[in-house]
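Notes follow the structure.
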Amino acid sequence: MLDIKVIRQNADWAKEKLATRGIKPEEIDKVIEIDQKRREALNKSETLKAKRNQVSKDIAQAKRNKEDASEAIKAMREVGGQIKQLDQEVEDLTEKQRYILLRLPNFPADSDPIGPDESYNQEVRKWEEPTKFDFKPKAHWDLGTDLDILDWDRAAKVSGARFVYYKGAGALLERAVFNFFLDENTKEGYTEIIPPYLVNDASMQGTGQFPKFHEDVYTIVDNDDPDKPRDLTLIPTAEVPLVNYFRDEIISGDKLPINVTALSPAFRSEAGSAGRDTRGLIRMHEFRKVEMVKVCKPEDSWNQLEELTHNAEHLLQKLGLPYHVVALSTGDASFTSAKTYDLEVWMPAQDKYREISSCSNCTDFQARRAQIRYRDEDGNLHLAHTLNGSGLAVGRAVAAIMENYQNEDGSITVPEVLVPYMNGMKKIVKQDSLI
RNA sequence: GGAGAGUUGGCAGAGUGGUAAUGCACCGGACUCGAAAUCCGGCGAACCAAGUUGUACUUGGCGCGCAGGUUCAAAUCCUGUACUCUCCUCCA
């Protein structure tokens with residue numbers, strides 16, 4: 001959520017910044033106008049309340065002296081009514097203002113490429129050249145089926161489209177990958193967390209998924225009354241429980257920056273992406289992801305974003321997967337982010353880079369919604385800055401490993417760093433069928 | 001799922017309709033060569049608004065888990081709700 005004071009005091013700047021993210025300047029004018037009215041009503045109400053408090057004291061005194069106070073009580077009855085009316089007005093205006101503010105995205109950083117969509121993203125750097133093959137590389141979904149380590153048909157039977165069974169060496173590979181990620185992140189100074197996978201609405205709002213992105217997630221309903229959603233949603237990313245861990249907390253300044261990492265499933269309805277990435281591990285309703293979250297001081301967050309990005313890159317480098325880093329344009333960056341670097345890994349069968357990590361500095365946008373604050377050496381309170389990044393998406397990493405490490409005979413060489421995590425297995429070959 | 005108890009400042013803890021005791025902690029001062037003890041004074045965090053102005057202060061609002069209601073006035077009465085604890089039930 002943006003700071004209404006910042007908008008109020010720098011209206012033109014705010015309009016200009018948000019225009020690059022597709023927000024019309026009239027929206028800003030509207031919220032400023034509402035704010036103006038709100039403060040006027042608030043002032044009137046507070047003046048009357050001050051009066052009421054004073055008179056109430058007098059009434060109490062009069063009663064103690066056994067004097068008659070019916071005159072004052074009568075007058076206050078009227079004032080009470082006015083206050084009620086004004087407070088209602090303030091509440092309505094606050095609600096209107098909040099409605100707009102909760103739906104405005106974060107201010108983009110000055111360094112963001114300006115443009116309405118992903119075609120304006122800029123490559124920042126590239127690591128290694130795309131993998132070369134002297135045969136035609138297979139797509140990971142075919143490799144998975146042929147090796148009998150991924151079972152799409154039975155997942156479709158049991159759950160539906162965009163679900164998968166990992167089997168045998170496939171399951172082992174998935175587990176190896178996320179354990180490797182968690183171990184590496186821990187070595188880099190992140191504290192491992194196992195968070196809840198169901199969160200309440202306040203948490204979804206704290207990190208910015210709600211109120212705008214309801215349709216992207218799965219919310220639990222009461223079986224007795226399916227129209228009534230419970231206050232629980234399956235997390236679309238561990239970012240939600242990790243950032244909300246700090247919600248409504250005051251952190252001691254000397255603890256910052258705080259780094260946490262968690263493996264979790266991520267549940268996404270993928271509404272609006274029908275027809276895209278219909279095959280393979282790229283776009284699932286349920287996938288595992290290791291997430292990294294940082295909470296830091298405002299002056300430190302841009303350095304922390306670079307560090308976070310490097311932490312994620314380090315994982316790809318150790319796995320030997322070619323990738324490049326892309327700075328997202330103002331129109332493509334996520335709602336909460338001021339600046340985002342996407343890491344895109346090379347996918348040979350598609351002959352292109354695909355997103356495997358998104359590292360964002362959310363500045364104080366989430367912290368304001370979630371009231372994440374810290375106390376500095378002087379005892380003053382400030383909003384913290386929050387950052388999050390995948391480190392990494394597990395399913396997509398498995399897909400990238402399968403495609404980049406495939407051999408002509410259809411087997412998959414296990415990346416060296418994963419061999420210990422695979423109980424010494426160096427190559428994945430065709431598995432026996434279960435049935 | 002059922003029953004009961006609880007939620008008040010950094011901590012402890014009183015307060016059954018008149019505007020949040022008290023203690024500890026903390027901050028300032030006195031005493032002292034200095035410290036401790038003692039004494040005096042201050043002190044709920046956060047938030048919002050207005051003003052002086054400039055970033056600190058003044059005034060006001062708000063503030064007793066949260067949200068409503070009753071009342072001239074609510075920590076206190078009423079309703080709803082969240083969470084914590086105990087017991088029962090169920091359960092990996």
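Sequence lines set the chain letters: A, B, ... in the order given, protein chains first and strands last, and positions in each chain run from 1.
Side-chain atoms of A/N244 and A/M204, non-hydrogen and from C-beta on, never get closer than 4.5 Å to each other.
On the nucleic acid side, RNA chain B has its first and last nucleotide under 4.0 Å of a heavy atom of chain A at B/G18 to B/A73, going 5' to 3'.
Heavy-atom distances to RNA chain B give each of A/Q371 and A/N53 a nearest nucleotide, and the one nearer the 5′ end belongs to A/Q371. Comparing A/E46 and A/I250, the nucleotide of RNA chain B nearest to each residue sits closer to the 5' end for A/I250.
Using a 4.0 Å heavy-atom cutoff across all strands shown, A/R368 reaches no nucleic acid atom at all. Note on A/K51: nothing from the nucleic acid sits closer than 4.0 angstrom, heavy atoms only. A/A72 comes within contact range of no nucleotide atom at all, as no heavy-atom separation falls under 4.0 Å. Nucleic acid contact for A/I59: base, since at least one base atom lies under 4.0 Å from a heavy atom of the residue. The residue A/K63 sits close to a base: some heavy atom pair falls under 4.0 Å.
Separation of the P atoms belonging to B/U16 and B/G69 is 25 Å when rounded to the nearest angstrom. The gap from the C1' atom of B/G17 to that of B/C78 amounts to 13 Å, rounded to the nearest Å. Nucleotides B/U38 and B/G54 place their C1' atoms 42 Å apart, quoted to the nearest Å. Nucleotides B/U71 and B/U55, compared at atom C1', are 42 Å apart to the nearest Å. Going from the P atom of B/G18 to that of B/C24 covers 28 Å, rounded to whole Å. B/U76 and B/A14 have their C1' atoms separated by 13 Å, with the value rounded to a whole Å. Rounded to a whole angstrom, the distance from the P atom of B/G6 to that of B/G13 is 14 Å. B/C62 sits 13 Å from B/A45 when the C1' atoms are compared, rounded to a whole Å.
RNA chain B is contacted by A/M76, A/R77, A/K84 of residues 74-86 of chain A, taking any non-hydrogen atom closer than 4.0 Å.
Remark: A/R175 is not positioned above the aromatic ring of A/F178, lacking an NZ or CZ atom under 6.0 angstrom from the ring centre and at most 45 degrees off the axis.
Taking the six-membered ring where tryptophan is involved, the planes of A/H382 and A/Y374 are tilted, since the angle between them lies from 30° to 60°. A perpendicular orientation is assigned to the rings of A/Y421 and A/F180, their planes being inclined by more than 60° (bins at 30° and 60°).
Look at A/E71 and A/K74 and you find no salt bridge, because none of the NZ, NE, NH1 or NH2 atoms lies under 4.0 Å from a carboxylate O. Taking 4.0 Å as the cut-off between side-chain N and carboxylate O, A/D110 and A/K17 count as a salt-bridged pair. Comment: A/R162 does not engage A/E270 in a salt bridge, judged by the lack of any side-chain N to carboxylate O separation of less than 4.0 angstrom. Ionic pairing of A/D35 and A/R39 is present here: one or more N-O contacts between side-chain nitrogen and carboxylate oxygen are shorter than 4.0 angstrom. Salt-bridge annotation for A/E286 and A/R268: absent, with no side-chain N of the basic residue lying under 4.0 Å from a carboxylate O of the acidic one.
Between the side chain of A/R283 and the main chain of A/D277, no donor-acceptor pair closer than 3.5 Å is present.
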Quiz item: Could you walk me through whether A/N106 and A/T363 pass the side chain to side chain donor-acceptor pair (under 3.5 Å) check?
Solution: CA-CA 8 Å; A/N106 200 356; A/T363 59; 3.0 Å; yes
Quiz item: RNA chain B in dot-bracket, Watson-Crick or G-U pairs under 3.5 Å, [ ] crossing, | other strand?
Solution: ((((((((.[[[..)..(...]]].(((((.......)))))....((((((...))))))...[[[[[..)....]]]]])))))))....
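A ring-centre distance under 6.0 Å is not found for A/Y197 and A/F267.
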